[in-house]
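Being a predicted model, the structure only gives us computed values, none of them experimental.
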Amino acid sequence: MNDSELARFFLSLVLLLSAALAGGYLFERFKLPRVIGEIVGGIMLGPSVLGLISLDVHNWLFAGFPAQGALLAAFYWFGLVLLMFTAGFSMSREVEGGTSRVIFALVIGALILPFAIGYASASIFDDTRVGDDLAFKLVMGIAVAVTSIPVISRIFLDLNMMQTLFARNVVGAATIQDLVLWTLLAVATAVQHGNATDAAGITRVVVITILFVALSFFLAPALLRAIRRNVFVQFSEASLTGYAVLLCLVFVASASLLSVNIVFAALIAGLVITRFNSRQLVAVKQRIADISIWFFVPIYFALVGLRLDLAHQLDIQLTLLFIVASSAIKVTSCTVAARASGIEWIRSFDYGVAMNTRGGPGIVLASVAHAAGIVDDRMFTALVLASIITSLATGCWLRLRLVRDPSAFGLASARSPMARPPQAPLMPAGNRPESVS
């Protein structure tokens with residue numbers, strides 16, 4: 001790059017980060033998920049708004065020279081990797097404290113039926129498919145079933161609900177469910193890239209993915225402990241921060257060589273970090289989460305918004321059909337499952353609405369599927385808007401429930417549902433936190 005191109009590149013980063021942080025701040029002030037504000041910031045700079053006002057200015061800022069798109073894409077993917085890495089920090093501890101009967105019922109209700117219906121009905125949206133048919137069906141099944149741990153956790157924090165049994169059941173079920181769905185996404189991307197063209201190939205991808213996970217959880221911790229004992233006797237927090245990020249990149253690079261989805265690999269790397277019980281590591285994870293949450297992840301979400309061209313990519317009929325149909329399936333399935341576990345109907349419906357929150361993981365799914373060439377621009381837009389609308393709907397519903405009955409969900413009646421609690425550390429990225437993932 002020459003000086004002019006370098007200046008233009010840094011200017012584009014400044015604008016993206018500024019718009020994301022400003023949008024996130026404004027949405028947070030109105031008790032809305034911060035991640036949505038960050039996406040809206042990107043939309044304002046993209047073809048949907050700035051491009052309509054002045055396409056020349058938009059192109060000058062974000063497509064001014066041939067390499068600019070690739071440079072911004074590097075920030076896009078690095079932000080996505082760190083989003084999933086930091087999401088893994090808190091996933092394992094969120095499973096604890098819930099009611100196993102309810103969690104099991106919610107996993108069944110949120111995963112099996114929604115995924116099966118989404119997979120089976122993918123042909124309805126077949127005109128949005130640009131890649132392999134099996135990969136497309138898997139993506140559509142995941143899109144109906146996915147639940148956002150970061151966004152729903154943030155909503156619980158805002159409403160002082162995070163320590164309730166309701167919240168622990170929802171987050172615990174979403175954690176188990178999303179680990180299965182990320183594995184399926186790894187299969188979908190492998191199929192799309194030609195690494196699994198038949199039953200034997202799909203089986204090989206699944207086996208490699210399972211072996212990758214098994215080795216990560218059982219071999220990597222032992223190897224890291226041996227390295228620390230024999231090579232690095234003592235770590236400082238600063239050096240340990242660098243080595244933790246290096247570990248994430250090693251996982252991602254290894255996964256790419258093995259044709260395992262790199263987003264899934266970053267999540268596994270975060271889960272591996274949580275296996276080390278070290279007081280020093282708590283501060284290290286917070287450092288990584290801070291720089292991710294306030295720099296790389298906002299740029300990623302702003303770039304998601306920048307890629308949306310609502311004037312040309314938004315198919316209103318398709319988007320409404322997908323949002324309404326998928327939400328009806330997910331809410332109904334989870335409500336019935338919760339009721340079968342012995343929960344009363346109104347609380348069962350609360351569970352259904354909460355599990356329908358798609359937030360960050362829904363957007364990650366849209367990003368990965370679009371980048372892999374599985375879905376077209378219209379479905380990418382529909383998936384992103386579904387994530388935004390379902391997140392807003394959950395926040396509004398739970399807030400309304402608490403306004404009408406402050407003692408709902410086991411909260412003391414004296415506690416105000418509108419009170420803002422202190423932000424919890426190490427929430428999944430994008431949850432300010434927005435973890436994944």
Whether [X] side chain and [Y] backbone form a donor-acceptor pair below 3.5 Å:
X      : Y      : value
Gln68  : Gly64  : yes
Thr319 : Ile316 : no
Ser391 : Gly359 : yes
Ser256 : Ala253 : yes
Gln313 : Asp309 : yes
Ser48  : Met44  : no
Asp178 : Leu181 : no
Thr164 : Met161 : yes
Gln177 : Val107 : no
Thr357 : Thr394 : no

Subject >> Parallel, tilted or perpendicular: rings of Phe296 and Phe75 (30°, 60°) >> reply: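 Plane angle under 30°, so parallel.
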**OP:** For Asn356 and Thr390, test the side chains for any donor-to-acceptor distance below 3.5 angstrom and give the result as yes or no.
**Re:**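 Asn356 vs Thr390: no donor-acceptor pair found between side chains.
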**OP:** Consider only side-chain N and O atoms of Thr147 and Lys330, and report whether a donor and an acceptor are under 3.5 Å apart.
**Re:**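 There is such a pair (donor and acceptor under 3.5 Å, judged by atom type) between the side chains of Thr147 and Lys330.
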**OP:** Decide, yes or no, whether a salt bridge links Asp127 with Arg378 under the criterion of side-chain N to carboxylate O below 4.0 Å.
**Re:**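 Salt bridge: yes.
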Original post:
Quick one: is the NZ or CZ of Arg307 closer than 6.0 Å to the six-membered ring centre of Tyr76, and within 45° of its axis?
Top reply: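 Because its charged atom sits under 6.0 Å from the ring centre and within 45° of the axis, Arg307 does stack over Tyr76.
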Original post:
In Å, rounded to the nearest 0.5 Å, how long is the span from OG of Ser121 to CD1 of Ile329?
Top reply: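 The distance works out to 5.5 Å.
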Original post:
Atom OG in Ser367, atom CG in Leu80: separation rounded to 0.5 Å?
Top reply: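 The OG atom of Ser367 sits 6.5 Å away from the CG atom of Leu80.
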**OP:** Give a yes or no on whether the ring-centroid distance for Phe166 and Tyr351 is below 6.0 angstrom.
**Re:**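 For Phe166 and Tyr351, the ring centres are under 6.0 Å apart.
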**OP:** Just do the salt bridge (Lys or Arg N to Asp or Glu O under 4.0 Å) check on Arg287 and Asp290 with the steps written out, would you?
**Re:** CA-CA 5 Å; Arg287 286 187 179 192; Asp290 287 342; over 6 Å; no
**OP:** Just do the ring-ring contact (aromatic ring centres under 6.0 Å, His included) check on Phe349 and Trp397 with the steps written out, would you?
**Re:** CA-CA 10 Å; Phe349 185 75; Trp397 172 257; 5.3 Å; yes
**OP:** Hey, could you give me each pair passing ring pair (Phe, Tyr, Trp, His ring centres under 6.0 Å) that has a residue in residues 357-391? Not counting sequence neighbours.
**Re:**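 Checked against ring pair (Phe, Tyr, Trp, His ring centres under 6.0 Å) - neighbours excluded - the pairs reaching residues 357-391 are His370-Phe380.
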**OP:** Using the side-chain contact (heavy atoms from CB on, under 4.5 Å) rule, take Leu258 and Thr209 through it: C-alpha gap first, then chi angles, then the decisive distance, then the call.
**Re:** CA-CA 9 Å; Leu258 295 171; Thr209 301; over 6 Å; no
Original post:
Counting only heavy atoms not in Phe217, do more than 12 sit closer than 6.0 Å to its CZ atom?
Top reply: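 For Phe217, atom CZ is crowded (more than 12 foreign heavy atoms under 6.0 Å).
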Subject >> With Arg129 via salt bridge (Lys or Arg N to Asp or Glu O under 4.0 Å) - residues at least two apart >> reply: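 Expected list: Asp126, Asp133.
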